[in-house]
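The block underneath contains the structure these notes are about, expressed in structure tokens.
Note that this is a predicted model, so its numbers are computed, not measured.
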Amino acid sequence: ILGNLFGLGGLFGQRGTRPRTAARSGADLRFDLEIDFEESVTGTDTSIHVARMETCADCRGSGANPPGAMEGCPRCGGSGSLHMQQGFFTLSRTCQQCQGTGKFVRDPCKACSGAGRVRAEKKIRVKIPAGVDSDSHLRLAGEGEGGIRGGPAGDLYVVLHVRPHDFFQRQGNDLNCQVSITFTQAALGHSLAIPTFEGKEKVTIPPGTQSGTVFRVRGRGVSEISSSRKGDLFVTVQVVTPKRLNRQQKRLLEELAEMEEAAGSRPKDFMGKVKDLFP
């Protein structure tokens with residue numbers, strides 16, 4: 001119990017002699033990657049360059065020259081720890097010369113100066129699946145930093161950041177867009193060709209469509225990751241009022257206004273509504 005509480009390696013004269021291993025896993029790395037909106041919807045393959053610590057090829061991670069030429073530490077006798085008798089107790093601490101490994105490198109590797117790793121830059125291929133969004137994480141196993149003294153390599157986490165699109169906005173797996181139509185197109189009806197990431201999609205505008213009407217195109221949104229299901233595309237139409245009219249356009253609209261007035265089909269203006277509410 002005392003040994004667990006106070007870190008005493010040898011208690012009541014019992015001394016551990018097995019050296020502590022120096023093999024440790026390499027650190028995990030993070031890489032932030034910006035992609036286009038279209039790439040997030042359709043998926044893509046790209047390459048990134050990652051600077052990281054890699055296992056030294058000359059010494060194969062041992063830090064010794066020749067590779068693996070390590071001796072028992074002369075200071076701790078290969079146990080990895082130093083022991084000191086304090087009356088009734090035997091105290092233990094890590095050997096600083098071998099850092100607890102029990103091994104000693106007499107001739108360090110020149111390529112890595114005995115560290116067993118070197119800094120290098122690697123080109124890594126990244127496959128981005130369709131349907132990812134900003135802050136999506138891709139885990140590339142074994143592409144992090146190289147392990148220490150033969151330990152396994154860490155992982156690489158690619159964090160995605162999607163650039164905004166000029167036409168589409170994303171909400172979950174659905175896409176939203178807004179298109180402008182003229183007064184005559186809204187009144188008489190029209191057929192629009194909406195661009196999507198799978199080609200153009202026909203949207204029929206029925207006669208009498210009001211500004212702000214939303215049309216739903218099923219299955220033209222974003223795919224769910226690792227699934228064949230897709231969201232929908234929502235198209236909002238905005239009726240544009242012309243700012244300038246030529247003489248013919250103005251005359252035609254004046255004729256239309258006169259016909260609406262005669263037929264009583266024109267909507268009441270604000271003052272007309274007030275009079276109805278407060279006679």
Side-chain angles (χ1 to χ4, degrees), residues 3-4 6-11 13-35 44-86 90-129 136-161:
N4 290 334
F6 299 105
L8 304 181
L11 184 63
Q14 297 178 2
R15 178 179 301 185
T17 58
R18 187 172 63 178
R20 190 178 64 178
T21 178
R24 300 200 303 274
S25 299
D28 293 337
L29 296 178
R30 168 177 172 148
F31 188 93
D32 291 272
L33 177 63
E34 268 197 340
I35 60 174
T44 187
D45 286 342
T46 188
S47 295
I48 60 176
H49 292 81
V50 179
R52 63 186 188 179
M53 298 299 294
E54 296 184 350
T55 300
C56 178
D58 288 8
C59 66
R60 299 195 291 272
S62 68
N65 182 31
M70 304 179 73
E71 306 173 4
C73 177
R75 186 172 184 185
C76 64
S79 68
S81 58
L82 300 175
H83 306 279
M84 181 174 58
Q85 192 73 31
Q86 289 286 345
T90 299
L91 304 181
S92 170
R93 63 184 176 86
T94 301
C95 176
Q96 295 301 310
Q97 184 163 336
C98 66
Q99 300 298 315
T101 66
K103 298 292 184 181
F104 177 71
V105 177
R106 187 171 297 278
D107 186 11
C109 171
K110 293 180 174 56
C112 64
S113 301
R117 301 190 303 173
V118 293
R119 180 163 291 278
E121 184 176 281
K122 183 180 180 182
K123 181 179 179 181
I124 301 175
R125 195 74 178 169
V126 181
K127 181 176 179 60
I128 301 174
S136 294
H137 289 60
L138 303 178
R139 176 176 172 265
L140 304 182
E143 294 293 357
E145 291 198 335
I148 299 173
R149 295 291 191 264
D155 299 331
L156 174 64
Y157 291 88
V158 180
V159 182
L160 301 176
H161 304 277

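Atoms SG and CZ, on Cys112 and Arg60 in that order, are 12.0 Å from each other to the nearest 0.5 Å. Atom-to-atom distance recorded for Leu33:CG and His161:NE2 is 8.0 Å, nearest 0.5 angstrom. Note that the CG atom of Leu156 and the CD1 atom of Ile48 stand 5.0 Å from one another [nearest 0.5 Å]. To the nearest 0.5 Å, atoms NE2 (His49) and CZ (Phe31) are separated by 9.5 Å. We find the CG-SG distance between Leu82 and Cys95 to be 4.5 Å, quoted to the nearest 0.5 Å. One finds the CD1 atom of Ile128 at 5.0 Å from the CG atom of Leu160 (value rounded to the nearest 0.5 Å).
The minimum heavy-atom distance between Ala111 and Asp58, with the atom names listed, is CB-OD2, 3.2 Å. The two residues Ala120 and Glu54 come nearest to each other via the heavy atoms CB-OE1, 3.7 Å.
Residues Val126 and Asp45 have side chains not in contact (no heavy-atom distance under 4.5 Å, counting atoms from C-beta outward). With contacts defined as side-chain heavy-atom distances shorter than 4.5 Å, the pair Cys56/Arg117 does not qualify. With contacts defined as side-chain heavy-atom distances shorter than 4.5 Å, the pair Leu138/Pro129 qualifies. The shortest distance between side-chain heavy atoms of Lys110 and Asn65 falls below 4.5 Å. Residues Tyr157 and Leu29 fail the side-chain proximity criterion, which asks for heavy atoms closer than 4.5 Å. Counting heavy atoms from C-beta on, the side chains of Ser92 and Ser81 come closer than 4.5 Å.
Under the 4.0 Å criterion applied to side-chain N and carboxylate O atoms, Asp32 and Arg30 are assigned as salt-bridge partners. Checked for salt-bridge contact, Glu143 and Lys122 meet the test: a charged N lies under 4.0 Å from a carboxylate O.
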